[in-house]
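Here the structure is laid out as structure tokens; the discussion comes afterwards.
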Amino acid sequence: MTTLTDPPKESFRLSMLLNDTRYRSLTLQAIAALLLALAIAYLGNNLIQNLRAAGLNISYDFLGNPSNYDINQTLIDYSSRSSHLRAAVVGILNTLLVAFLACLTATIFGVIAGVLRLSPNWLVRKLMAVYVEIFRNIPVLIWIIIIFTLMTASMPAPSAFRGDDPASTMLLGAFAFTNRGVYIPAPVWGAGSLVVLGVFVLSVIGAFIYRRYATKLLYDTGRLLPMLWPSLAILLLPSILVYFILGSPIGLEYPELRGFNFGGGIKIGAPLIALWFALSIYTGAFIAENVRAGILSVSKGQTEAAAALGLRPGRIMNLVVLPQALRVIIPPLISQYLNITKNSSLAIAVGYADVTATLGGITLNQTGRAIECVLLLMLFYLTISLLISAFMNVYNNATKLKER
Amino acid sequence: MNKSAIFGALTVAGLAAGAAGAATLDDVKARGTLNCGVTTGLIGFAAPDANGEWKGFDVAVCRAVAAAVLGDATAVEFVPTTGKTRFTALASGEIDMLARNTTWTFSRDVDLKFDFIGVNYYDGQGFMVPKALGVSSAKDLDGATVCIQTGTTTELNLADFFRVNNISYEPVPIETNAEAQQQYLAGACDVYTTDASGLAATRAAFENPGDHVLLPEIVSKEPLGPLVRHGDNEWGDVVRWTLNALISAEELGVSSANVNEMASSTTNPEIARLLGTEGTLGEMLGLDADWAKRAIESQGNYGEIFATNIGEDTPIGLARGLNAQWTDGGLLYSPPFR
């Protein structure tokens, strides 16, 4: 006869922390976290003691003091009497500007090169392979310097535009390409220009609505409305009409020689162009490889099936292959956008006033507050990288394969 | 370059104060070489020659200190530093001293915790423009594009000068003198501004120096001198008095040619104390009696160093000006060796 015994009571002994697989991983992680905290505390303590021994302290008071230096490209008002904090903000905006522009163009370059690298045309395919291999395998700093040097060495100085018989002339009388940058006409906002702008914004919305309607019609009835010319017409015609009805309220200010340089117009500085272009073509080569991988990941059967339906190659790429390839392309694309943002810190090589050049360069040097400045820089790059990552992941989730 | 700043900052974090209290003199003696921070290359002041050997006015100070401390003027490890990296290099202990046409300012001395041990060149900020521009005064530079080494006092003076005179300019920040020269010659900037001595040195390296003029305005005081970390006074004394020995030697008529003869035959007690045949000045410094004699013998006195590196007979062609001995109407004045 069997006797029933009570089930063994759950008891916890200290040795189970190591012997029991349920707890072991937790124990090890706790120990690791403790050691890490100790190491950080030791380093931090060491830093503070060393600073104190050297008679230095950590203080962010310098951010409020006048910076005393000038910056060559500022998106907001800035003078040498502004504070170091404002100089840092100027730098941050410049960083964001070049990162945004470079992300945009790198994507365009990358998608075109990636698609063309799979082209059936031997010459095009090989040309793109050469582009990708050359740009991917040479450090981006070198590209930045090469492009900047080419610009300063090959383009004429503003003085070449001077005199009765100048060595160089402006393109169409409106664009001047010099070794200090490109000067383009700047818009002059007259009375009524707001109305024109408003109409333009409305037309953009209108164009979107039209395209959405056309897509819906296509899905519902299978009738395909023309897309390109009606969108363009909606986009441009109303604005142009209003522009002339109101008597051309928006004018153009042309750059002209004034003193040592061109005055008037908008100047796109050579450092910005060099940095922007170098980051774009360099990262574009990486994105091209991502795009190629994405396209290759789509089964060839998809292309053949689409072709069997009678779609032309351009449509097959846009409607069938690329949407599926996006799932593979986007995750590494996020990394490339982060790379662009971080690589923009190489700006100082060409004298572009990004945040590394203002806060991490001149401010750091003039105040000697190296630790404070570097901590701030780290905080900025970390924040911006996490933000980009977060936004791109939202997009990634939207394009991800939806499993039902 | 930006990496070096960050790296420097980390080094400060890790090392700075380990080095702050330590006796640099003992470290240098134990190591057998002097780590001396110099510029990345400015002909006349500090630049490697065709044989890769560092030569120049600032280099001579490094070598004189090495000769005094280690008895060997070649026992110097030259560490090229940019305007941005120089202070972190010194603060972190990467270099024992900085001899790199660095301006002595209040905040560098007090806030950055360095000790300037003297002035080896009295300078002022000037402007260089191409002759073809037809500019005769810095006040005509309204709207000009100006190349400027970033992280320097000249950067701050420039902003002040244009602001005070109510004219505008566009700065082109660059890292080293070589880059500035390239940009300036390519016409990417109209004006190059730095210390007048640096301009003269840069212009001397041009293919056609005559095509460029230095404008008459000197817009700042730039006392350039070597510096060491604050808090190690023994080491500071060694460097300070080595420089003073070079200056005093000129005043007292001691040169590299006659220093040995002077040491044995002089009747002037100050020369005798300087050269270690009388008194115990070397011992007080923690060195031997011949320290100053070695420095003078290897590098020459201040006047000789000036003449061979940047003087009027060199391509750089600087006149003594303010840098003449006080007895000749200049500012050079060494405290007495007593």
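Each chain gets a letter, A, B and so on, in the order the sequences are listed, and its residues count up from 1. Values below: every heavy atom of this structure, side chains too, minus hydrogens, waters and symmetry copies.
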Gap between atom [atom2] of [Y] and atom [atom1] of [X] - 0.5 Å precision:
X      : Y      : atom1 : atom2 : result
A:T149 : B:Q183 : OG1   : CD    : 8.0 Å
B:T105 : A:Q366 : OG1   : CD    : 9.0 Å
B:Y184 : A:T152 : OH    : OG1   : 15.5 Å
B:Q149 : A:N365 : CD    : CG    : 11.5 Å
B:T88  : A:L364 : OG1   : CG    : 7.0 Å
A:D70  : B:L158 : CG    : CG    : 7.0 Å

How close do A:A349 and B:E179 get, counting heavy atoms only, and between which atoms? O-OE1, 4.1 Å

List the atom of B:D160, the atom of A:N68, and the distance in Å for their closest heavy-atom pair. OD1-OD1, 4.4 Å

Counting only N and O atoms by type, is there a donor-acceptor contact under 3.5 Å from the side chain of A:N179 to the main-chain atoms of B:A186? yes

Toward chain A, the part of [X] with a non-hydrogen atom under 4.5 Å:
X      : value
B:F162 : neither
B:D140 : backbone
B:T150 : side chain
B:L141 : both
B:L156 : both
B:T152 : backbone
B:V191 : neither
B:D142 : backbone

Greatest number of non-hydrogen atom pairs under 4.5 angstrom with chain A, of B:P171, B:G143, B:A159, falls to B:P171

Could you tell me which of B:T145, B:I174, B:L133, B:I148 has the largest number of non-hydrogen atom pairs under 4.5 Å with chain A? B:T145

Could you tell me whether A:K267 and B:E170 have a side-chain N and a carboxylate O separated by less than 4.0 Å? yes

Take a 6.0 Å sphere around [atom1] of [X] and say whether it holds more than 12 heavy atoms from other residues, nucleotides or ligands.
X      : atom1 : result
B:W235 : CH2   : yes
A:F380 : CZ    : yes
A:N137 : CG    : yes

Contacting moiety of A:F62, where chain B heavy atoms sit under 4.5 Å: neither

Chain B contact via A:T178 - side chain, backbone, both or neither, heavy atoms under 4.5 Å: neither

Among A:I48, A:V350, A:I362, which residue has the highest count of heavy-atom pairs closer than 4.5 Å to chain B? A:I362

Would B:R163 and A:S79 count as a side chain to side chain contact (heavy atoms under 4.5 Å, CB included) if you check the C-alpha gap in whole Å, the side-chain angles of each, and the deciding distance to 0.1 Å? CA-CA 9 Å; B:R163 188 168 192 85; A:S79 81; 3.7 Å; yes

